[in-house]
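Quick notes on the structure that follows.
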There are 2 protein chains.
Amino acid sequence: MSLEETTKMKTVLKIQSEIRRVLADELRKREFIELSPVILSPITDPLNHPTSPATINCYGKNYSVTQSMIFHKQLALRTLDKFFVFSPNVRLEPEERKNTGRHLFEFTQLDLEVKDAKREDAMRLCEELLVSVIKSIHKNCTTELKQLGRKLTIPKQPFKQITYKEAYQKYGEDFEMILSKMCKEPIWLIDIPITAREFYDREDPANPGYLRDMDLIYPEGYGEALSGGEREYQYERIKQRILRKGQNLEQFKDYLELAKNDFPPSAGFGIGIERLTRYICGLQRVEEASLFPKIPGKVCI
Amino acid sequence: MSLEETTKMKTVLKIQSEIRRVLADELRKREFIELSPVILSPITDPLNHPTSPATINCYGKNYSVTQSMIFHKQLALRTLDKFFVFSPNVRLEPEERKNTGRHLFEFTQLDLEVKDAKREDAMRLCEELLVSVIKSIHKNCTTELKQLGRKLTIPKQPFKQITYKEAYQKYGEDFEMILSKMCKEPIWLIDIPITAREFYDREDPANPGYLRDMDLIYPEGYGEALSGGEREYQYERIKQRILRKGQNLEQFKDYLELAKNDFPPSAGFGIGIERLTRYICGLQRVEEASLFPKIPGKVCI
């Protein structure tokens with residue numbers, strides 16, 4: 001790295017460290033417990049987009065490297081009512097995604113879950129967290145923002161929202177990026193169709209075929225910030241949803257075994273720390289938000 | 001889990017969350033930056049004891065799951081002067097170690113490094129952190145300590161210390177456990193022989209054959225708490241040390257390539273969060289300090 005690049009990286013890392021501090025502090029104020037991440041497990045998020053599974057044989061059993069901790073979050077609800085975890089995720093994305101400026105094959109997300117919560121509770125919590133982060137960065141990282149030439153406004157709560165259907169009708173297939181470029185503040189995308197997401201997001205009983213879930217989209221073209229929502233927590237519903245996705249129960253047998261007595265109902269989300277850092281710092285590419293970025297298809301330390 | 005086990009686990013997780021908070025806060029007060037962990041890399045700690053390497057092919061290159069972030073810490077010193085990271089480590093330990101009560105094949109360590117620091121600086125920092133953790137747990141987790149029936153005293157600074165040679169002469173091969181059972185407060189083990197440790201711990205120029213490093217041993221039989229020390233930071237010295245260990249340079253070629261212009265001199269350590277939690281809570285086994293414990297040889301979620 002050149003001296004200039006090193007100086008910029010140092011500035012970005014200082015801001016990222018402050019982002020982590022504020023998120024953890026705000027959650028602790030609300031009585032969340034911080035959990036340790038899970039890296040290897042026989043069960044992990046299957047995801048709804050093509051990633052190559054990263055698996056390792058441990059003592060004769062196949063373990064996956066965590067793609068997201070969603071299943072472990074459901075299990076943890078049997079012990080804790082609210083918790084968060086800074087969770088490293090490995091997702092071996094298709095190589096073409098190296099060009100998006102938004103994909104790393106290893107990243108950290110702040111993943112959280114709340115027992116008995118509704119989607120709207122998770123949305124309000126997220127808004128509060130984001131506003132607190134931006135306010136603290138303004139206050140505690142004034143010099144750093146100036147060094148990066150970043151002007152960052154504090155979004156007004158509640159954030160605007162749009163349904164998936166409306167977004168698709170108005171802006172077509174590429175609505176996410178169009179919305180992101182149009183907006184001056186983060187915007188919620190809600191009511192995503194069940195075909196577009198994983199089986200574990202809860203189907204809306206009042207609106208079959210659509211989910212009680214949400215994405216947050218950053219403004220200024222920074223794209224998707226997070227996904228979250230309510231979860232399917234009943235054993236029978238979970239099995240139905242797996243089958244409706246055309247997946248087989250055998251593939252999820254370890255998870256289904258654990259789901260047998262149902263999970264507690266819950267809602268939560270996971271927000272990528274590198275993408276959040278990119279937005280806060282106004283960086284061109286997500287790899288600028290990591291000291292050891294993992295760029296799909298490249299050899300990375 | 002029975003209701004009783006769930007209640008105990010909740011208590012332990014609350015204390016662990018507080019331990020994480022205090023460690024991070026104390027380090028931030030001292031102007032440390034928090035970094036994101038690294039999970040996959042072509043380079044990782046070779047360790048000085050037998051673990052099976054956990055490797056994954058990513059885009060045609062072999063990546064190891066992090067055994068410790070030591071090499072990345074040396075690299076990070078080119079950007080930052082002091083930093084810490086809650087770093088998940090995977091170490092596929094021999095199956096027999098499931099019985100020790102001290103080994104998990106996945107755990108989190110608080111790993112930190114300070115540019116231009118000496119071993120003694122790292123030792124004092126560690127003592128300050130541990131004393132702060134214990135004081136905060138006394139203050140903020142009074143009920144939880146009572147629930148666990150744990151009486152925890154605040155160790156006096158500076159902690160006592162003993163050289164490896166003296167410990168070996170006095171107590172024989174099993175000195176670590178003997179010392180741990182004898183002591184009422186944590187004790188430093190220093191000046192470990194180079195044959196007993198990895199090549200990256202710095203050889204003492206004033207005492208050849210011995211390292212400028214240290215282990216901390218918990219009292220009451222809880223065993224080893226952490227390892228740390230000064231590092232070999234010069235390219236030529238690193239090469240010599242690899243060769244003197246009977247290892248070959250080819251195995252470390254990615255790391256050596258990065259070491260070519262030397263690293264900054266530094267000292268640091270890594271302290272296991274589950275073992276620290278076990279000591280603070282007075283738990284019989286380390287697996288009681290994790291919601292999803294990874295026990296060598298067992299199938300674990």
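Here the structure is a predicted model, which means the values were calculated and not measured. Every chain is numbered from 1 and lettered A, B, ... according to where its sequence line falls, protein lines coming before strand lines.
Comparing B:Glu5, B:Glu106, B:Arg78, B:Lys61 by heavy-atom pairs within less than 4.5 Å of chain A, the highest count is held by B:Glu106. Considering only heavy-atom pairs separated by less than 4.5 Å from chain B, the leading option among A:Ile273, A:Thr6, A:Leu92 is A:Leu92. Of the listed residues (A:Leu40, A:Ile43, A:Leu80, A:Thr108), the greatest number of heavy-atom pairs within a distance under 4.5 Å of chain B belongs to A:Leu40. Your options are A:Gly297, A:Ala54, A:Ser41, and the one with the most heavy-atom pairs under 4.5 Å with chain B is A:Gly297. Ranked by non-hydrogen atom pairs under 4.5 Å with chain B, the options A:Glu18, A:Glu95, A:Arg28 are led by A:Arg28.
The shortest side-chain heavy-atom distance between B:Tyr59 and A:Ser52 does not fall under the 4.5 Å cut-off. Within the 4.5 Å cutoff, the side chain of B:Leu35 has no heavy atoms near those of the A:Gln16 side chain. Taking the side chain as every heavy atom from C-beta outward, A:Ser17 and B:Phe83 never approach each other to under 4.5 Å. A:Met1 places a side-chain heavy atom less than 4.5 Å from the side chain of B:Thr79. Contact annotation: the side chain of A:Glu274 approaches that of B:Ser36 to within less than 4.5 Å [non-hydrogen atoms, C-beta and beyond]. Counting heavy atoms from C-beta on, the side chains of B:Ile33 and A:Lys10 never come closer than 4.5 Å. For the pair B:Arg21/A:Glu34, no side-chain contact is recorded, criterion being any heavy-atom separation below 4.5 Å from C-beta on. At least one side-chain heavy atom of A:Pro88 sits under 4.5 Å from a side-chain heavy atom of B:Pro88.
Heavy-atom distances place both the backbone and the side chain of B:Glu93 under 4.5 Å from chain A. Heavy atoms closer than 4.5 Å to chain A are found in both the backbone and the side chain of B:Val299. If you measure heavy-atom distances from A:Val38 to chain B, the contacts under 4.5 Å come from both the backbone and the side chain. Heavy atoms of B:Ser290 lying under 4.5 Å from chain A are absent altogether. Of the atoms belonging to B:Ala24, not a single heavy atom falls under 4.5 Å from chain A. Neither the backbone nor the side chain of A:Phe86 comes within contact range of chain B; no heavy atoms are under 4.5 Å apart.
The distance from atom CG of B:Asp254 to atom CD1 of A:Ile301, rounded to the nearest 0.5 Å, is 5.5 Å. Expressed to the nearest 0.5 Å, how far NZ of B:Lys298 lies from SG of A:Cys58 amounts to 16.0 Å. Here the straight-line distance linking atom CD1 of A:Ile56 with atom OG1 of B:Thr55 works out to 7.0 Å at 0.5 Å rounding. To the nearest 0.5 Å, the span separating CG on A:Asn89 from CD1 on B:Ile39 amounts to 9.5 Å.
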